Amino acid sequence: MTPMPVLSRPGYGIGQAAGGLLSPDEFEKLTEFVYRKTGMRFGEVKRQYVEKRIADRMAASGIASFREYFARLRFEASGGELQALINLLTVNETYFLRESYQLDCLVRDVLPEIAARKGPGERVRIWSLPCATGEEPYSIAISVLEHWPDADRFEVEIHASDIDSNVLARARAGLYGERSLQKMPLALRRKYFRPADKGQLAIVPELQGSIEFSRVNVADPVEMARFRHFDVIFCRNMLIYFDELSQRQAVALLYDSLAPRGYVFLGHSESMNRMSSSFRPRKFADAIVYQRA
Amino acid sequence: MGLVKAKDRAGPDQGEAAQASDPRLLIEHASPACRREAAHALMQAGEAAAAVPALLARLAREEEVAVREAIFTALAGIGGAAVAEGMIALLRSEDAGLRNGAVEVLQLLPEPTAARIETMLADADADVRILALNVVGSLPRAEAPRWLCRVLAEDPDPRVCGTAVDALAEAGGPEAVEPLRQVARRFADDPYIAFAAKLAIRRIQGGDG
(Lines give C-alpha, C1' and ligand atoms only; values in the text may rest on other atoms or scores of the structure.)
Protein backbone atom coordinates (compact mmCIF):
# COMPACT_ATOMS: atom_id res chain seq x y z
CA MET A 1 0.00 0.00 0.00
CA THR A 2 1.48 3.27 -1.08
CA PRO A 3 1.49 6.23 1.29
CA MET A 4 0.10 9.39 -0.17
CA PRO A 5 2.89 11.57 -1.48
CA VAL A 6 3.46 14.83 0.31
CA LEU A 7 2.54 17.62 -2.03
CA SER A 8 4.45 20.80 -2.03
CA ARG A 9 5.88 23.00 -4.70
CA PRO A 10 6.85 26.66 -4.79
CA GLY A 11 3.85 28.93 -4.63
CA TYR A 12 1.40 26.16 -4.04
CA GLY A 13 2.10 24.43 -0.77
CA ILE A 14 -0.13 22.39 1.47
CA GLY A 15 -2.92 24.36 3.01
CA GLN A 16 -3.20 26.86 0.20
CA ALA A 17 -6.56 26.90 -1.49
CA ALA A 18 -6.73 26.62 -5.23
CA GLY A 19 -9.07 29.59 -5.07
CA GLY A 20 -12.21 28.82 -7.06
CA LEU A 21 -10.56 26.75 -9.74
CA LEU A 22 -13.87 25.09 -10.61
CA SER A 23 -17.29 26.65 -11.10
CA PRO A 24 -20.15 24.96 -9.18
CA ASP A 25 -21.21 23.11 -12.35
CA GLU A 26 -17.67 22.00 -13.12
CA PHE A 27 -17.23 20.79 -9.55
CA GLU A 28 -20.48 18.84 -9.78
CA LYS A 29 -19.52 17.35 -13.14
CA LEU A 30 -16.12 16.30 -11.83
CA THR A 31 -17.37 14.83 -8.56
CA GLU A 32 -20.16 12.90 -10.26
CA PHE A 33 -17.62 11.45 -12.70
CA VAL A 34 -15.24 10.51 -9.88
CA TYR A 35 -18.14 8.92 -8.00
CA ARG A 36 -19.21 6.89 -11.02
CA LYS A 37 -15.68 5.66 -11.63
CA THR A 38 -14.55 5.06 -8.06
CA GLY A 39 -17.45 5.21 -5.62
CA MET A 40 -15.73 8.09 -3.80
CA ARG A 41 -18.14 10.93 -3.02
CA PHE A 42 -16.83 14.47 -2.52
CA GLY A 43 -19.31 17.14 -1.43
CA GLU A 44 -18.93 20.93 -1.35
CA VAL A 45 -17.14 20.73 2.00
CA LYS A 46 -14.33 18.90 0.23
CA ARG A 47 -14.05 21.45 -2.57
CA GLN A 48 -10.74 22.89 -1.42
CA TYR A 49 -9.26 19.41 -0.96
CA VAL A 50 -10.38 18.34 -4.44
CA GLU A 51 -9.44 21.59 -6.18
CA LYS A 52 -5.93 21.52 -4.79
CA ARG A 53 -5.37 18.03 -6.17
CA ILE A 54 -6.90 18.92 -9.53
CA ALA A 55 -4.61 21.95 -9.70
CA ASP A 56 -1.60 19.76 -8.93
CA ARG A 57 -2.53 17.25 -11.62
CA MET A 58 -3.19 20.00 -14.16
CA ALA A 59 0.22 21.50 -13.40
CA ALA A 60 1.93 18.11 -13.61
CA SER A 61 0.23 17.46 -16.95
CA GLY A 62 0.97 20.91 -18.35
CA ILE A 63 -2.74 21.61 -18.85
CA ALA A 64 -4.05 25.14 -18.27
CA SER A 65 -7.84 24.75 -18.46
CA PHE A 66 -10.12 22.51 -16.45
CA ARG A 67 -12.14 21.73 -19.58
CA GLU A 68 -9.05 20.30 -21.24
CA TYR A 69 -8.05 18.43 -18.10
CA PHE A 70 -11.50 16.90 -17.69
CA ALA A 71 -11.45 15.76 -21.32
CA ARG A 72 -8.21 13.90 -20.65
CA LEU A 73 -9.63 12.41 -17.47
CA ARG A 74 -12.80 11.32 -19.25
CA PHE A 75 -11.49 10.08 -22.59
CA GLU A 76 -7.95 8.83 -22.01
CA ALA A 77 -8.08 5.17 -23.03
CA SER A 78 -5.34 4.05 -20.64
CA GLY A 79 -7.04 5.62 -17.62
CA GLY A 80 -3.62 6.73 -16.41
CA GLU A 81 -4.67 10.26 -15.49
CA LEU A 82 -7.71 9.00 -13.60
CA GLN A 83 -5.48 6.68 -11.62
CA ALA A 84 -3.05 9.49 -10.85
CA LEU A 85 -5.92 11.63 -9.56
CA ILE A 86 -7.34 8.75 -7.49
CA ASN A 87 -3.93 8.29 -5.91
CA LEU A 88 -3.98 11.92 -4.82
CA LEU A 89 -7.58 11.84 -3.62
CA THR A 90 -7.05 8.81 -1.40
CA VAL A 91 -5.08 9.03 1.79
CA ASN A 92 -3.47 5.72 2.48
CA GLU A 93 -1.18 5.07 5.36
CA THR A 94 -1.29 2.17 7.73
CA TYR A 95 -1.25 2.27 11.52
CA PHE A 96 -2.74 0.32 14.42
CA LEU A 97 -6.50 0.67 14.97
CA ARG A 98 -6.91 2.61 11.72
CA GLU A 99 -10.60 3.28 10.99
CA SER A 100 -11.36 1.71 14.35
CA TYR A 101 -15.11 2.08 13.84
CA GLN A 102 -14.84 -0.91 11.51
CA LEU A 103 -13.12 -2.93 14.22
CA ASP A 104 -15.92 -1.86 16.61
CA CYS A 105 -18.44 -3.09 14.05
CA LEU A 106 -16.60 -6.39 13.80
CA VAL A 107 -16.76 -7.14 17.51
CA ARG A 108 -20.15 -5.55 18.28
CA ASP A 109 -22.21 -6.74 15.34
CA VAL A 110 -20.51 -9.03 12.84
CA LEU A 111 -18.85 -11.57 15.14
CA PRO A 112 -22.03 -11.98 17.25
CA GLU A 113 -23.98 -12.73 14.05
CA ILE A 114 -21.40 -15.31 13.03
CA ALA A 115 -21.37 -16.78 16.54
CA ALA A 116 -25.13 -17.20 16.42
CA ARG A 117 -24.72 -19.46 13.38
CA LYS A 118 -21.94 -21.58 14.89
CA GLY A 119 -21.67 -23.95 17.81
CA PRO A 120 -19.30 -23.37 20.75
CA GLY A 121 -15.73 -24.34 19.94
CA GLU A 122 -16.14 -23.93 16.19
CA ARG A 123 -13.64 -21.93 14.16
CA VAL A 124 -14.20 -18.33 13.15
CA ARG A 125 -11.90 -17.43 10.27
CA ILE A 126 -10.81 -13.85 9.57
CA TRP A 127 -8.56 -12.74 6.69
CA SER A 128 -6.65 -9.48 6.42
CA LEU A 129 -5.82 -8.76 2.78
CA PRO A 130 -3.58 -6.97 1.95
CA CYS A 131 -2.03 -6.97 5.39
CA ALA A 132 0.95 -4.73 4.48
CA THR A 133 3.30 -4.50 7.47
CA GLY A 134 0.87 -6.20 9.85
CA GLU A 135 -0.83 -3.37 11.71
CA GLU A 136 -4.27 -4.46 10.50
CA PRO A 137 -4.21 -8.17 11.43
CA TYR A 138 -2.65 -7.42 14.84
CA SER A 139 -5.31 -4.72 15.39
CA ILE A 140 -8.02 -7.25 14.53
CA ALA A 141 -6.50 -9.72 16.99
CA ILE A 142 -6.31 -7.12 19.76
CA SER A 143 -9.89 -5.99 19.12
CA VAL A 144 -11.17 -9.55 19.27
CA LEU A 145 -9.31 -10.29 22.49
CA GLU A 146 -10.23 -7.01 24.15
CA HIS A 147 -13.77 -6.38 22.98
CA TRP A 148 -15.49 -9.58 21.90
CA PRO A 149 -16.86 -11.19 25.05
CA ASP A 150 -17.39 -14.53 23.30
CA ALA A 151 -13.83 -14.83 22.02
CA ASP A 152 -13.14 -17.65 24.44
CA ARG A 153 -16.10 -19.70 23.23
CA PHE A 154 -14.70 -20.02 19.71
CA GLU A 155 -11.43 -20.77 17.98
CA VAL A 156 -10.58 -17.55 16.15
CA GLU A 157 -8.18 -18.01 13.25
CA ILE A 158 -6.62 -14.87 11.77
CA HIS A 159 -4.87 -15.03 8.41
CA ALA A 160 -2.92 -12.16 6.91
CA SER A 161 -1.72 -12.01 3.31
CA ASP A 162 0.00 -9.64 0.94
CA ILE A 163 1.54 -9.88 -2.51
CA ASP A 164 4.75 -8.21 -1.27
CA SER A 165 7.10 -10.60 0.48
CA ASN A 166 9.14 -7.72 1.91
CA VAL A 167 6.21 -6.25 3.84
CA LEU A 168 5.23 -9.75 4.95
CA ALA A 169 8.68 -10.21 6.48
CA ARG A 170 8.21 -6.95 8.39
CA ALA A 171 4.73 -8.04 9.49
CA ARG A 172 6.08 -11.32 10.80
CA ALA A 173 8.87 -9.47 12.65
CA GLY A 174 6.25 -7.36 14.43
CA LEU A 175 8.43 -4.31 15.17
CA TYR A 176 6.78 -0.90 15.14
CA GLY A 177 7.64 2.73 15.71
CA GLU A 178 5.64 5.57 17.17
CA ARG A 179 3.97 6.50 13.89
CA SER A 180 2.33 3.07 13.65
CA LEU A 181 1.27 3.19 17.28
CA GLN A 182 -0.17 6.72 17.34
CA LYS A 183 -3.75 5.49 18.04
CA MET A 184 -2.83 2.66 20.41
CA PRO A 185 -3.89 3.36 24.03
CA LEU A 186 -1.15 3.13 26.63
CA ALA A 187 -2.80 0.23 28.45
CA LEU A 188 -2.88 -1.84 25.28
CA ARG A 189 0.72 -0.93 24.45
CA ARG A 190 1.75 -2.29 27.82
CA LYS A 191 -0.28 -5.43 27.36
CA TYR A 192 0.60 -6.38 23.79
CA PHE A 193 4.02 -4.84 23.15
CA ARG A 194 7.53 -5.10 24.57
CA PRO A 195 10.38 -2.59 24.22
CA ALA A 196 12.76 -3.42 21.38
CA ASP A 197 15.87 -1.89 19.82
CA LYS A 198 16.00 1.66 18.43
CA GLY A 199 13.00 2.84 20.39
CA GLN A 200 10.65 0.46 18.65
CA LEU A 201 8.04 -1.77 20.25
CA ALA A 202 7.70 -5.48 19.49
CA ILE A 203 4.43 -7.40 19.41
CA VAL A 204 4.37 -9.96 22.23
CA PRO A 205 5.23 -13.46 20.97
CA GLU A 206 1.80 -14.94 21.84
CA LEU A 207 0.05 -12.45 19.57
CA GLN A 208 2.72 -12.62 16.90
CA GLY A 209 2.45 -16.39 16.77
CA SER A 210 -1.31 -16.40 16.50
CA ILE A 211 -1.43 -14.79 13.05
CA GLU A 212 -0.94 -16.96 9.96
CA PHE A 213 0.99 -14.91 7.39
CA SER A 214 1.14 -15.91 3.73
CA ARG A 215 1.81 -14.44 0.31
CA VAL A 216 -0.98 -14.27 -2.23
CA ASN A 217 -1.74 -12.51 -5.49
CA VAL A 218 -5.38 -11.51 -5.32
CA ALA A 219 -5.58 -11.54 -9.13
CA ASP A 220 -4.55 -15.19 -9.41
CA PRO A 221 -7.47 -17.66 -9.17
CA VAL A 222 -5.17 -20.62 -8.53
CA GLU A 223 -3.40 -18.91 -5.63
CA MET A 224 -6.70 -17.60 -4.27
CA ALA A 225 -8.22 -21.10 -4.38
CA ARG A 226 -5.99 -21.95 -1.38
CA PHE A 227 -8.05 -19.53 0.71
CA ARG A 228 -11.59 -20.64 1.40
CA HIS A 229 -14.31 -20.60 4.07
CA PHE A 230 -13.53 -17.22 5.63
CA ASP A 231 -16.23 -15.71 7.78
CA VAL A 232 -14.78 -12.20 7.48
CA ILE A 233 -12.39 -10.56 5.03
CA PHE A 234 -10.83 -7.17 5.62
CA CYS A 235 -9.89 -5.83 2.19
CA ARG A 236 -9.41 -2.13 2.78
CA ASN A 237 -7.92 0.43 0.42
CA MET A 238 -6.68 -2.02 -2.17
CA LEU A 239 -9.42 -2.22 -4.79
CA ILE A 240 -9.42 1.55 -5.22
CA TYR A 241 -6.06 1.19 -6.97
CA PHE A 242 -7.34 -1.40 -9.46
CA ASP A 243 -8.96 -0.66 -12.80
CA GLU A 244 -12.60 -1.63 -13.21
CA LEU A 245 -11.98 -5.05 -14.73
CA SER A 246 -9.37 -5.95 -12.11
CA GLN A 247 -11.77 -4.85 -9.37
CA ARG A 248 -14.48 -7.15 -10.71
CA GLN A 249 -12.03 -10.04 -11.00
CA ALA A 250 -10.66 -9.55 -7.49
CA VAL A 251 -14.11 -9.23 -5.95
CA ALA A 252 -15.21 -12.42 -7.71
CA LEU A 253 -12.31 -14.24 -6.09
CA LEU A 254 -13.03 -12.70 -2.67
CA TYR A 255 -16.60 -13.97 -2.99
CA ASP A 256 -15.29 -17.49 -3.51
CA SER A 257 -12.98 -17.16 -0.50
CA LEU A 258 -15.91 -16.36 1.78
CA ALA A 259 -18.12 -18.82 3.58
CA PRO A 260 -21.81 -18.43 2.72
CA ARG A 261 -23.09 -15.23 4.37
CA GLY A 262 -19.50 -14.15 5.03
CA TYR A 263 -18.65 -10.45 5.37
CA VAL A 264 -16.26 -8.07 3.62
CA PHE A 265 -14.97 -4.83 5.11
CA LEU A 266 -13.82 -2.34 2.45
CA GLY A 267 -12.03 0.97 2.93
CA HIS A 268 -14.16 4.00 3.77
CA SER A 269 -13.92 5.37 0.24
CA GLU A 270 -14.69 2.05 -1.46
CA SER A 271 -18.07 0.64 -2.40
CA MET A 272 -18.95 -2.85 -3.50
CA ASN A 273 -22.00 -1.64 -5.41
CA ARG A 274 -19.98 -0.66 -8.46
CA MET A 275 -18.03 -3.92 -8.53
CA SER A 276 -20.50 -6.70 -7.81
CA SER A 277 -24.16 -7.39 -7.23
CA SER A 278 -23.47 -10.61 -5.35
CA PHE A 279 -23.01 -8.84 -2.03
CA ARG A 280 -25.66 -7.27 0.18
CA PRO A 281 -24.72 -4.02 1.93
CA ARG A 282 -25.39 -4.30 5.67
CA LYS A 283 -25.67 -1.08 7.62
CA PHE A 284 -24.62 -1.60 11.21
CA ALA A 285 -24.36 1.07 13.89
CA ASP A 286 -20.66 1.69 13.26
CA ALA A 287 -20.07 0.79 9.61
CA ILE A 288 -21.38 -0.58 6.33
CA VAL A 289 -20.24 -4.13 5.66
CA TYR A 290 -20.85 -6.24 2.54
CA GLN A 291 -22.30 -9.70 3.05
CA ARG A 292 -22.06 -12.54 0.56
CA ALA A 293 -25.58 -13.18 -0.72
CA MET B 1 -9.81 -21.00 23.09
CA GLY B 2 -9.61 -17.44 21.72
CA LEU B 3 -6.97 -16.91 19.06
CA VAL B 4 -5.63 -20.08 17.52
CA LYS B 5 -3.15 -20.80 14.78
CA ALA B 6 -4.55 -22.09 11.50
CA LYS B 7 -5.12 -25.83 11.53
CA ASP B 8 -2.56 -27.93 9.72
CA ARG B 9 -4.02 -29.02 6.46
CA ALA B 10 -2.98 -31.86 4.22
CA GLY B 11 -2.55 -29.38 1.38
CA PRO B 12 -4.01 -26.24 -0.07
CA ASP B 13 -7.77 -26.04 0.12
CA GLN B 14 -8.14 -26.27 -3.63
CA GLY B 15 -11.49 -25.79 -5.25
CA GLU B 16 -12.93 -28.54 -7.36
CA ALA B 17 -12.55 -26.66 -10.62
CA ALA B 18 -8.97 -25.67 -9.89
CA GLN B 19 -8.08 -29.34 -9.68
CA ALA B 20 -10.01 -30.40 -12.75
CA SER B 21 -8.47 -30.70 -16.16
CA ASP B 22 -11.15 -29.22 -18.43
CA PRO B 23 -13.07 -26.23 -17.07
CA ARG B 24 -15.14 -26.14 -20.28
CA LEU B 25 -16.91 -29.22 -18.95
CA LEU B 26 -17.09 -27.88 -15.41
CA ILE B 27 -18.90 -24.73 -16.55
CA GLU B 28 -21.95 -27.03 -16.81
CA HIS B 29 -21.33 -28.62 -13.38
CA ALA B 30 -24.30 -28.98 -11.01
CA SER B 31 -22.53 -27.01 -8.26
CA PRO B 32 -22.68 -23.18 -8.58
CA ALA B 33 -19.34 -22.86 -6.76
CA CYS B 34 -17.81 -25.20 -9.29
CA ARG B 35 -19.25 -23.24 -12.22
CA ARG B 36 -17.82 -20.01 -10.79
CA GLU B 37 -14.38 -21.55 -10.45
CA ALA B 38 -14.66 -22.90 -13.99
CA ALA B 39 -15.40 -19.37 -15.22
CA HIS B 40 -12.29 -18.03 -13.43
CA ALA B 41 -10.21 -20.87 -14.87
CA LEU B 42 -11.49 -20.31 -18.42
CA MET B 43 -10.52 -16.65 -18.28
CA GLN B 44 -6.97 -17.64 -17.34
CA ALA B 45 -6.69 -20.50 -19.83
CA GLY B 46 -4.05 -20.37 -22.55
CA GLU B 47 -6.63 -20.15 -25.33
CA ALA B 48 -9.29 -18.28 -23.44
CA ALA B 49 -10.97 -17.04 -26.63
CA ALA B 50 -11.89 -20.63 -27.49
CA ALA B 51 -13.97 -20.76 -24.29
CA VAL B 52 -16.24 -17.85 -25.30
CA PRO B 53 -18.98 -19.99 -26.93
CA ALA B 54 -19.18 -22.26 -23.86
CA LEU B 55 -19.35 -19.26 -21.51
CA LEU B 56 -22.02 -17.52 -23.60
CA ALA B 57 -24.08 -20.70 -23.84
CA ARG B 58 -23.97 -21.22 -20.08
CA LEU B 59 -24.74 -17.55 -19.41
CA ALA B 60 -27.93 -17.73 -21.48
CA ARG B 61 -29.46 -20.30 -19.12
CA GLU B 62 -27.60 -19.57 -15.88
CA GLU B 63 -29.95 -18.59 -13.07
CA GLU B 64 -27.50 -18.17 -10.18
CA VAL B 65 -26.65 -14.45 -9.92
CA ALA B 66 -23.18 -15.13 -8.50
CA VAL B 67 -22.33 -17.52 -11.35
CA ARG B 68 -23.63 -15.08 -13.94
CA GLU B 69 -21.40 -12.43 -12.46
CA ALA B 70 -18.35 -14.70 -12.63
CA ILE B 71 -19.12 -15.50 -16.28
CA PHE B 72 -19.59 -11.83 -17.18
CA THR B 73 -16.28 -11.02 -15.48
CA ALA B 74 -14.54 -13.86 -17.32
CA LEU B 75 -15.93 -12.67 -20.66
CA ALA B 76 -14.80 -9.10 -19.93
CA GLY B 77 -11.35 -10.45 -19.10
CA ILE B 78 -11.18 -12.43 -22.35
CA GLY B 79 -12.56 -9.58 -24.48
CA GLY B 80 -12.55 -9.45 -28.27
CA ALA B 81 -15.10 -9.35 -31.06
CA ALA B 82 -16.93 -12.58 -30.17
CA VAL B 83 -17.55 -11.37 -26.62
CA ALA B 84 -18.82 -7.98 -27.85
CA GLU B 85 -21.20 -9.68 -30.31
CA GLY B 86 -22.43 -11.98 -27.55
CA MET B 87 -23.10 -9.02 -25.27
CA ILE B 88 -24.91 -7.04 -27.98
CA ALA B 89 -27.19 -10.04 -28.53
CA LEU B 90 -27.99 -10.02 -24.80
CA LEU B 91 -29.21 -6.40 -25.00
CA ARG B 92 -32.44 -7.86 -26.43
CA SER B 93 -32.89 -10.28 -23.53
CA GLU B 94 -36.09 -10.19 -21.51
CA ASP B 95 -33.92 -10.61 -18.41
CA ALA B 96 -32.83 -7.25 -16.93
CA GLY B 97 -29.89 -8.88 -15.16
CA LEU B 98 -28.50 -10.14 -18.46
CA ARG B 99 -29.07 -6.79 -20.18
CA ASN B 100 -27.32 -4.86 -17.39
CA GLY B 101 -24.46 -7.34 -17.24
CA ALA B 102 -24.00 -7.00 -21.00
CA VAL B 103 -23.86 -3.19 -20.76
CA GLU B 104 -21.19 -3.42 -18.05
CA VAL B 105 -19.05 -5.80 -20.11
CA LEU B 106 -19.36 -3.64 -23.22
CA GLN B 107 -18.24 -0.61 -21.18
CA LEU B 108 -15.12 -2.57 -20.23
CA LEU B 109 -14.28 -3.39 -23.86
CA PRO B 110 -13.76 -0.02 -25.58
CA GLU B 111 -12.16 -1.29 -28.81
CA PRO B 112 -14.59 -4.00 -29.98
CA THR B 113 -17.53 -2.01 -28.63
CA ALA B 114 -16.56 1.20 -30.43
CA ALA B 115 -16.40 -0.71 -33.69
CA ARG B 116 -20.07 -1.67 -33.24
CA ILE B 117 -21.58 1.43 -31.66
CA GLU B 118 -22.92 3.02 -34.83
CA THR B 119 -24.77 -0.20 -35.71
CA MET B 120 -26.17 -0.41 -32.18
CA LEU B 121 -27.33 3.22 -32.32
CA ALA B 122 -29.15 2.50 -35.61
CA ASP B 123 -31.01 -0.50 -34.18
CA ALA B 124 -34.75 -0.60 -34.89
CA ASP B 125 -35.47 -1.26 -31.19
CA ALA B 126 -35.40 1.99 -29.15
CA ASP B 127 -34.62 0.03 -25.97
CA VAL B 128 -31.47 -1.35 -27.58
CA ARG B 129 -30.49 2.19 -28.63
CA ILE B 130 -30.95 3.40 -25.03
CA LEU B 131 -28.75 0.59 -23.72
CA ALA B 132 -26.18 1.43 -26.40
CA LEU B 133 -26.18 5.02 -25.12
CA ASN B 134 -25.61 3.74 -21.59
CA VAL B 135 -22.50 2.07 -22.99
CA VAL B 136 -21.39 5.20 -24.87
CA GLY B 137 -21.87 7.27 -21.72
CA SER B 138 -19.02 5.40 -20.04
CA LEU B 139 -16.78 4.61 -22.97
CA PRO B 140 -13.38 6.35 -22.88
CA ARG B 141 -13.51 7.24 -26.58
CA ALA B 142 -13.00 10.64 -28.16
CA GLU B 143 -15.77 9.82 -30.68
CA ALA B 144 -18.38 9.61 -27.91
CA PRO B 145 -19.60 13.25 -28.16
CA ARG B 146 -19.94 12.90 -31.94
CA TRP B 147 -22.03 9.72 -31.58
CA LEU B 148 -24.21 11.42 -28.98
CA CYS B 149 -24.71 14.58 -31.05
CA ARG B 150 -25.75 12.50 -34.04
CA VAL B 151 -28.42 10.83 -31.90
CA LEU B 152 -29.70 14.28 -30.90
CA ALA B 153 -29.97 15.28 -34.54
CA GLU B 154 -31.45 12.09 -35.98
CA ASP B 155 -33.17 9.81 -33.48
CA PRO B 156 -36.97 10.06 -33.57
CA ASP B 157 -37.55 8.75 -30.03
CA PRO B 158 -37.57 11.32 -27.16
CA ARG B 159 -36.50 8.68 -24.60
CA VAL B 160 -33.42 7.89 -26.68
CA CYS B 161 -32.61 11.58 -27.13
CA GLY B 162 -33.10 12.21 -23.40
CA THR B 163 -30.54 9.51 -22.62
CA ALA B 164 -28.07 11.07 -25.07
CA VAL B 165 -28.60 14.51 -23.51
CA ASP B 166 -27.82 13.07 -20.05
CA ALA B 167 -24.62 11.49 -21.36
CA LEU B 168 -23.51 14.75 -22.97
CA ALA B 169 -23.71 16.55 -19.63
CA GLU B 170 -20.50 14.68 -18.79
CA ALA B 171 -18.99 13.80 -22.14
CA GLY B 172 -19.88 16.86 -24.21
CA GLY B 173 -17.65 19.75 -25.19
CA PRO B 174 -18.51 23.15 -26.74
CA GLU B 175 -19.41 21.42 -30.02
CA ALA B 176 -22.40 19.81 -28.28
CA VAL B 177 -24.06 23.07 -27.23
CA GLU B 178 -25.83 23.83 -30.52
CA PRO B 179 -27.08 20.22 -31.00
CA LEU B 180 -28.44 20.36 -27.43
CA ARG B 181 -30.31 23.59 -28.21
CA GLN B 182 -31.67 22.04 -31.40
CA VAL B 183 -32.92 18.87 -29.71
CA ALA B 184 -34.71 21.00 -27.12
CA ARG B 185 -36.47 22.79 -29.99
CA ARG B 186 -37.20 19.51 -31.83
CA PHE B 187 -38.93 18.10 -28.73
CA ALA B 188 -40.36 21.40 -27.51
CA ASP B 189 -43.33 19.58 -25.94
CA ASP B 190 -41.09 17.40 -23.80
CA PRO B 191 -40.31 19.20 -20.52
CA TYR B 192 -37.64 16.65 -19.49
CA ILE B 193 -35.55 17.22 -22.61
CA ALA B 194 -35.77 21.00 -22.16
CA PHE B 195 -34.62 20.67 -18.54
CA ALA B 196 -31.86 18.13 -19.25
CA ALA B 197 -30.52 20.05 -22.25
CA LYS B 198 -30.32 23.25 -20.21
CA LEU B 199 -28.45 21.42 -17.43
CA ALA B 200 -26.06 19.78 -19.91
CA ILE B 201 -25.26 23.14 -21.54
CA ARG B 202 -24.55 24.63 -18.12
CA ARG B 203 -22.23 21.76 -17.26
CA ILE B 204 -20.41 22.04 -20.58
CA GLN B 205 -19.98 25.79 -20.28
CA GLY B 206 -18.96 25.56 -16.65
CA GLY B 207 -21.92 27.61 -15.48
CA ASP B 208 -21.12 30.64 -17.59
CA GLY B 209 -23.46 29.97 -20.45
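Please read these numbers as outputs of a predicted model, since none were measured by experiment. Numbers restart at 1 for each chain; the letters A, B, ... are given by sequence-line order, proteins then strands.
Counting non-hydrogen atoms of other residues, nucleotides and ligands closer than 6.0 Å to CZ of B:Arg24 gives a total of 12 or fewer.
Contact of the A:Arg36 side chain with the B:Glu170 side chain is registered, since non-hydrogen atoms from C-beta on lie closer than 4.5 Å. In this structure, the side chains of A:Pro221 and B:Glu37 stay at 4.5 Å or more apart for every pair of heavy atoms. Side-chain contact check for A:Asp25 versus B:Gln205: every heavy-atom pair is 4.5 Å or farther apart.
Defined by atom type and a distance below 3.5 Å, a donor-acceptor pair is missing between the side-chain atoms of A:Gln249 and B:Thr73.
Using a distance-only test at 3.5 Å, with no hydrogens or angles considered, a donor-acceptor pair links the side chain of A:Arg74 to the main chain of B:Leu139. Of the possible polar contacts, none joining the A:Ser210 side chain to the B:Val4 backbone as a donor-acceptor pair under 3.5 Å is found.
Rounding to the nearest 0.5 angstrom, the gap separating the CZ atom in B:Phe72 from the OG atom in A:Ser276 is 12.5 Å. Distance check: A:Phe279 CZ to B:Glu69 CD gives 8.0 Å after rounding to the nearest 0.5 Å. Rounded to the nearest 0.5 Å, atoms CZ (A:Arg67) and CD1 (B:Ile204) are 8.5 Å apart. Taking CZ of A:Arg248 as the reference point, atom CG of B:Leu108 lies at 6.0 Å (rounded to 0.5 Å).
Proximity to chain A involves both the backbone and the side chain of B:Ala76, based on heavy atoms less than 4.5 angstrom apart. Interface residue B:Gln44: only side-chain heavy atoms are found under 4.5 Å from chain A. Heavy atoms of A:Leu145 lying under 4.5 Å from chain B belong exclusively to its side chain. Proximity to chain A is absent for every atom of B:Ala39, based on heavy atoms less than 4.5 angstrom apart.
Of the residues considered (A:Glu206, A:Lys29, A:Met224, A:Glu212), A:Lys29 shows the highest number of contacts with chain B, using heavy-atom pairs under 4.5 Å. Of the residues considered (A:Ile211, A:Ile158, A:Asp256), A:Asp256 shows the highest number of contacts with chain B, using heavy-atom pairs under 4.5 Å.
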